[in-house]
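Note that the structure is predicted; figures quoted are calculated from it, not measured. Each chain gets a letter, A, B and so on, in the order the sequences are listed, and its residues count up from 1.
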Protein chains: 2
Amino acid sequence: MNLPPLIQSFVLHFGEMGSRWGINRTVGQIYALLYVSPEPLCADEIVEALGISRSNVSMSLRELQAWNLVLLRHLPDDRRDFFTTPDDVWQILRTLAEERKKREVDPTLSVLREILMQQPGSEKERYAQQRMAQMHGLIEQLTNWYDDVKRLETERLANLLSLGSKISRLLETKDRIVSLGRRSKAKASGSQPADIPPGDGEPDGGAAR
Amino acid sequence: MNLPPLIQSFVLHFGEMGSRWGINRTVGQIYALLYVSPEPLCADEIVEALGISRSNVSMSLRELQAWNLVLLRHLPDDRRDFFTTPDDVWQILRTLAEERKKREVDPTLSVLREILMQQPGSEKERYAQQRMAQMHGLIEQLTNWYDDVKRLETERLANLLSLGSKISRLLETKDRIVSLGRRSKAKASGSQPADIPPGDGEPDGGAAR
DNA sequence: CGATAATTTCAGAAATTTCTGAAATTAATA
DNA sequence: TATTAATTTCAGAAATTTCTGAAATTATCG
């Protein structure tokens with residue numbers, strides 16, 4: 001590997017983190033390299049920079065494309081493929097979130113749905129199903145939130161982030177005030193999508209530490 | 001493996017997903033099993049249920065403890081350890097978020113900080129550093145938001161989720177109205193309702209491109 | 001203390017993942 | 001169509017991770 005020290009640290013770190021992020025070392029390194037390169041790179045430049053085999057680069061670029069994390073570029077009168085990452089880090093974040101959801105969440109959601117359709121054959125199964133319903137409900141709330149928020153343009157999204165929990169406090173206050181003239185316990189906000197499966201009553205009081 | 005079919009599907013799925021989630025098959029299976037078990041289980045019961053070696057169970061439980069994902073329980077006059085998961089799925093979510101942040105985000109944040117301290121030795125390094133600064137800024141915004149939001153109690157957190165992006169739209173509207181009497185282009189977050197302190201500065205305008 | 005039970009450790013076996021080099025494929029050019 | 005360049009595929013080598021069984025450790029009890 002032959003890179004300026006500062007860039008090398010970054011590339012090596014991404015390589016090491018790769019496995020924790022569900023990609024492998026080479027994929028991590030290539031991504032890091034493309035991310036900090038001012039110009040798009042072709043496969044052979046990557047081979048050169050990272051000191052790995054041509055075929056490994058090919059497969060890893062393919063993987064990065066499957067993740068939608070790289071862009072393909074072409075130069076006039078040159079038929080090689082050149083690769084970059086999007087410039088906008090917020091765009092990168094969106095892609096990452098989308099792809100991780102697709103790989104790490106959606107399959108579980110669909111397995112849960114399937115299992116929850118079935119008739120429990122015993123008391124143990126009935127209990128298990130109720131636990132799965134709780135998990136399903138939580139995941140659905142999270143993904144609904146995500147589906148809603150992901151459509152925001154960057155500036156609004158950044159605003160939302162910088163507000164953080166402050167909104168919640170605001171809401172509580174508003175709710176408390178509104179409820180003075182209505183009921184006594186506030187239940188904040190409409191949009192509860194209707195298809196949360198039954199059965200997941202209260203999260204058993206036992207908050208367990 | 002000898003489990004009711006419905007529970008077996010769930011356990012096997014968690015095993016398969018394990019590698020995508022940064023844990024391994026056994027760890028995933030054990031977690032799933034504990035999660036749907038009404039009573040805490042001891043190591044030998046897990047061995048029995050999943051058909052894996054005692055030592056593997058021991059190591060995997062250790063791993064789950066390192067993740068803070070299981071609770072230790074004891075029965076009177078029995079010196080075996082029994083294991084469960086917390087009842088409250090929101091609590092589980094918090095733990096998961098915290099641990100994944102610790103493993104997947106914090107190390108990168110600290111490497112970025114270190115690299116950004118250094119003096120670039122070339123134009124390429126200067127550019128790379130600027131890219132890393134963008135990444136660092138984004139991660140910092142996200143973790144600040146997370147640090148803020150994670151302290152919310154469950155009910156408020158759920159409220160926040162169910163609101164989703166609506167707040168943002170609300171804010172924009174409010175801002176637009178407020179700005180009528182001030183400047184012409186709304187920059188959101190300029191003025192907040194009474195008890196909302198001024199947020200972190202600008203979201204780093206430099207969205208690249 | 002010695003006996004027994006529960007658990008952990010760890011070297012190496014087994015399984016899985018990653019990586020390479022050689023061959024095959026694709027596509028542009030003469 | 002043959003030639004050359006760019007890229008991909010894939011069998012097996014190399015590296016890494018996971019898992020096991022045997023031995024070691026820890027803790028409790030008589």
Side-chain angles (χ1 to χ4, degrees), chain A residues 1 11-12 14-34 40-67 69-84 103-104, chain B residues 1 11-12 14-34 40-67 69-84 103-104:
Chain A
M1 186 179 298
V11 166
L12 289 179
F14 264 60
E16 284 160 16
M17 295 300 284
S19 61
R20 297 195 191 182
W21 295 336
I23 58 178
N24 66 37
R25 183 176 26 174
T26 305
V27 173
Q29 289 185 353
I30 293 180
Y31 183 80
L33 180 64
L34 295 177
L41 301 180
C42 72
D44 283 319
E45 291 170 323
I46 297 171
V47 167
E48 165 66 18
L50 302 181
I52 57 183
S53 76
R54 184 53 235 270
S55 54
N56 194 5
V57 170
S58 177
M59 291 191 305
S60 301
L61 284 171
R62 175 164 284 273
E63 173 84 356
L64 284 170
Q65 285 176 284
W67 277 80
L69 283 171
V70 294
L71 300 171
L72 211 62
R73 286 291 157 74
H74 285 102
L75 299 182
D77 301 325
D78 187 333
R79 57 193 166 92
R80 290 172 300 174
D81 291 332
F82 287 78
F83 299 87
T84 2
R103 288 166 173 76
E104 301 181 9
Chain B
M1 185 179 297
V11 165
L12 289 178
F14 264 60
E16 283 160 18
M17 295 300 284
S19 61
R20 299 195 188 181
W21 295 336
I23 58 177
N24 65 39
R25 182 175 29 176
T26 305
V27 173
Q29 289 184 354
I30 293 180
Y31 184 80
L33 180 63
L34 295 177
L41 301 180
C42 72
D44 284 319
E45 291 169 325
I46 297 170
V47 167
E48 164 66 17
L50 302 181
I52 57 183
S53 76
R54 185 52 235 272
S55 55
N56 194 5
V57 169
S58 178
M59 291 190 306
S60 300
L61 284 170
R62 175 165 286 272
E63 173 83 356
L64 284 171
Q65 284 175 286
W67 277 81
L69 282 171
V70 294
L71 300 170
L72 211 62
R73 286 291 159 76
H74 285 103
L75 299 182
D77 301 326
D78 188 333
R79 57 194 167 90
R80 290 171 301 175
D81 292 330
F82 287 78
F83 299 85
T84 0
R103 290 167 172 76
E104 300 181 10

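Applying the side-chain hydrogen bond (donor to acceptor under 3.5 Å, both in side chains) test to A:D78 and every residue at least two apart in sequence or in another chain returns A:R80. Judged as a side-chain hydrogen bond (donor to acceptor under 3.5 Å, both in side chains), and not counting sequence neighbours, the contacts of A:D81 are A:H74.
Taking CZ of A:F82 as the start and CD1 of A:I46 as the end, the distance is 10.0 Å to the nearest 0.5 Å. Between B:S60 atom OG and B:I52 atom CD1 the span is 6.0 Å, to the nearest 0.5 Å. Put simply, CZ on A:F83 and CG on A:L72 are 5.0 Å apart, with the number rounded to the nearest 0.5 Å.
B:E63 places its CD atom 12 Å from the C1' atom of D:dT17, with the value rounded to the nearest Å. Spacing between atom CG of B:N56 and atom P of D:dT17 amounts to 16 Å, rounded to whole angstrom units. Per the geometry, CD1 belonging to B:I52 stands 15 Å off C1' belonging to C:dA15, to the nearest Å. Following rounding to the nearest Å, B:D77 (CG) and D:dG30 (P) show an atom-to-atom distance of 11 Å.
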Show every donor-acceptor pair shorter than 3.5 Å between a side-chain atom in residues 21-29 of chain B and any protein atom, with sequence neighbours excluded, or say none if there are none.
| residue | atom | partner | partner atom | Å |
| --- | --- | --- | --- | --- |
| B:W21 | NE1 | A:E104 | O | 3.0 |
| B:N24 | OD1 | B:T26 | N | 3.1 |
| B:N24 | OD1 | B:V27 | N | 3.0 |
| B:T26 | OG1 | B:N56 | ND2 | 3.1 |

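Although no hydrogens or angles enter the test, the distance criterion places a donor-acceptor pair under 3.5 Å between the side chain of A:R20 and the main chain of B:R103.
Taking five base pairs at each end of the helix from C:dC1-D:dG30 to C:dA30-D:dT1 and finding the rotation axis that steps the C1' atoms of four pairs onto the next four gives two axes whose angle is 10°, to the nearest 10°.
When every heavy atom of B:T84 is checked against every heavy atom of B:P40, the shortest pair comes out as OG1-CG, 3.9 Å. Closest non-hydrogen pair, A:A49 versus A:M1, comes out as O-CG, 3.3 Å. Between A:L61 and A:V70, the shortest heavy-atom distance links the atoms O-CG2, 4.5 Å.
Taken residue by residue, residues 17-27 of chain A places heavy atoms nearer than 4.0 Å to DNA chain C at A:N24, A:R25, A:T26.
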Between the protein and nucleotides 2-8 of chain C, are there any N/O to N/O pairs under 3.5 Å, and if so, what are the atom names and distances?
| residue | atom | partner | partner atom | Å |
| --- | --- | --- | --- | --- |
| C:dA5 | O4' | B:R79 | NH2 | 3.3 |
| C:dT7 | OP1 | B:D81 | N | 2.5 |
| C:dT8 | OP2 | B:S58 | OG | 2.9 |

